[in-house]
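So the structure is just underneath, and the comments pick up after that.
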Number of protein chains: 2
Amino acid sequence: MEEDTSRSDLALDRQLCFALYACSRAMIRAYQPMLRELGITYPQYLVLLLLWQWDQDGRPVSEWTVSALGARLMLDSGTLTPLLKRMEKQGLVSRRRWESDERVTLVGLTEGGLALRPKAQAWRDRALGELAVPAERLSALHRELWLLLDELQPDGKI
Amino acid sequence: MEEDTSRSDLALDRQLCFALYACSRAMIRAYQPMLRELGITYPQYLVLLLLWQWDQDGRPVSEWTVSALGARLMLDSGTLTPLLKRMEKQGLVSRRRWESDERVTLVGLTEGGLALRPKAQAWRDRALGELAVPAERLSALHRELWLLLDELQPDGKI
DNA sequence: GCTATTTAGGTTGTGTGCAATATAATTGTG
DNA sequence: CACAATTATATTGCACACAACCTAAATAGC
């Protein structure tokens, strides 16, 4: 009683990669109302999440570098440099060379960037409440995603 | 004994959206060796997956439309039109207006597009074998992603 | 001290995503 | 049948992603 899967292995709905891709884009779409209100894009929001976190952790400013952002967000300079410049122009972050090592660009939070945090928090709290999926299933999914991520890039995040 | 989560709710690693986003991009990165060999991009691969499937299902050619591709892949014409034009230029798909309704663009598989299928199948079989995650956890993850997707877009796919 | 290498960012080019808009063909309505 | 509304696709513009390349600054040997 062997099932013939040879003809449907490549069916779109069987692809985990497609489920990930579609789900990720759907999630970003779900954030659009908030992002529109904050006047930022989704990757810009991720940058702010990290900067807010570093701010609260009291991370030394000398470690707020473009490469540190890139390592955590898994984005390269070709993405981050223009993105950060746009955020600088909007007054959300600051950018300056580090005196001790002129190769390094230090990124900082401005008042404008900090001011968006409470709004984001409020939005997130509200949206999570509206999502009809139990929190424990969300965190289980979260855990599985990180395990898969570790498997996909053996080097892992730094 | 209440935990103070107010300061870390927005921590990057707590965000399901970021896990999805990072995992989806890591998965696409994992496909790059195959995609490079096939000479296509990741969304172009998704288009081919769907066309191969329609081909095997014997779907009537009058239903191989841009909007049908868009509905299944959740992509709009602004993404698909230029993408399909590039694929047409590479000889992977055909594009022509439908005689019965000149508003519709019918998309077809060419010999070139069909020829990539066995290579893709071989790659996928090999890659799945190398992934050190049990198949049942992958399918459980797959299921959870679709449930979340349904929740994120109540209208659902058509 | 001086060159080779490494490191950190920046630049360029191609290909998505997606909102907003445009256009042309078709359909519905009186 | 005229004409408004709808439908299917295309176009435009902006912002990522990311590969490939470039440049300048710092470091390592010698």
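Side chains included, hydrogens not; waters and symmetry mates left out as well; all remaining heavy atoms used. Proteins get letters first, then strands, A, B, ... in listed order; numbering begins at 1 in each.
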Taking OP1 and OP2 of [N], is either one under 4.0 Å from a side-chain nitrogen or oxygen of [X]?
{"X": "R25(B)", "N": "dC18(D)", "value": "yes"}
{"X": "T105(A)", "N": "dG10(C)", "value": "yes"}
{"X": "R95(B)", "N": "dA10(D)", "value": "yes"}
{"X": "S77(B)", "N": "dT9(D)", "value": "no"}
{"X": "T81(B)", "N": "dT11(D)", "value": "no"}
{"X": "S67(A)", "N": "dA8(C)", "value": "no"}
{"X": "Q32(B)", "N": "dC18(D)", "value": "no"}
{"X": "T41(B)", "N": "dT16(C)", "value": "yes"}
{"X": "R97(A)", "N": "dG10(C)", "value": "yes"}

Could you tell me the separation between the [atom1] atom of [X] and the [atom2] atom of [N], rounded to a whole number of Å?
{"X": "L75(B)", "N": "dA10(D)", "atom1": "CG", "atom2": "P", "result": "14 Å"}
{"X": "Y42(B)", "N": "dG17(C)", "atom1": "OH", "atom2": "C1'", "result": "14 Å"}
{"X": "L83(B)", "N": "dG17(C)", "atom1": "CG", "atom2": "P", "result": "8 Å"}
{"X": "E102(B)", "N": "dA10(D)", "atom1": "CD", "atom2": "C1'", "result": "15 Å"}
{"X": "R36(A)", "N": "dA19(C)", "atom1": "CZ", "atom2": "P", "result": "8 Å"}
{"X": "L35(A)", "N": "dC18(C)", "atom1": "CG", "atom2": "C1'", "result": "13 Å"}
{"X": "D76(A)", "N": "dG13(C)", "atom1": "CG", "atom2": "P", "result": "17 Å"}
{"X": "R29(B)", "N": "dC16(D)", "atom1": "CZ", "atom2": "P", "result": "17 Å"}

R29(A) atom CZ, over 12 foreign heavy atoms within 6.0 Å: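 Yes, because the 6.0 Å sphere around CZ of R29(A) holds more than 12 heavy atoms from other groups.
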
hbond_proxy R103(B) side chain to dT7(D) base (donor-acceptor, 3.5 Å cutoff): yes

Geometric class of the Y21(A)/Y42(B) ring pair [parallel <30°, tilted 30-60°, perpendicular >60°]: perpendicular

Which nucleotide in dT11(D), dA15(D), dG10(C) has an atom nearest any side-chain atom of K85(B):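 For K85(B), the side-chain atoms sit closest to dT11(D).
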
Shortest non-hydrogen contact between G91(B) and T110(B), atoms and distance: O-OG1, 2.5 Å

Taking every non-hydrogen atom, the tightest pair across D9(B) and Q15(B):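 So the two residues come closest at O-NE2, 2.9 Å.
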
G78(A) vs D101(B), nearer the 5' end of DNA chain D by closest nucleotide: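 Whichever sits nearer the 5' end wins; that is D101(B).
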
5' precedence on DNA chain C between I28(B) and T65(A) (nearest-nucleotide basis):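 Between the two, 5'-proximity favours T65(A).
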
Position toward the 5' end of DNA chain C (nearest nucleotide), L106(A) or A26(A):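 First, find each residue's nearest nucleotide; the 5'-ward one identifies L106(A).
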
Point-to-point distance, once rounded to the nearest 0.5 Å, from CG of L145(B) to CG of L145(A):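 Reported value, rounded in 0.5 Å steps: 6.0 Å.
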
Trace of the side chain to side chain contact (heavy atoms under 4.5 Å, CB included) decision for L50(A) with L69(A): CA-CA 8 Å; L50(A) 199 46; L69(A) 279 168; 3.7 Å; yes

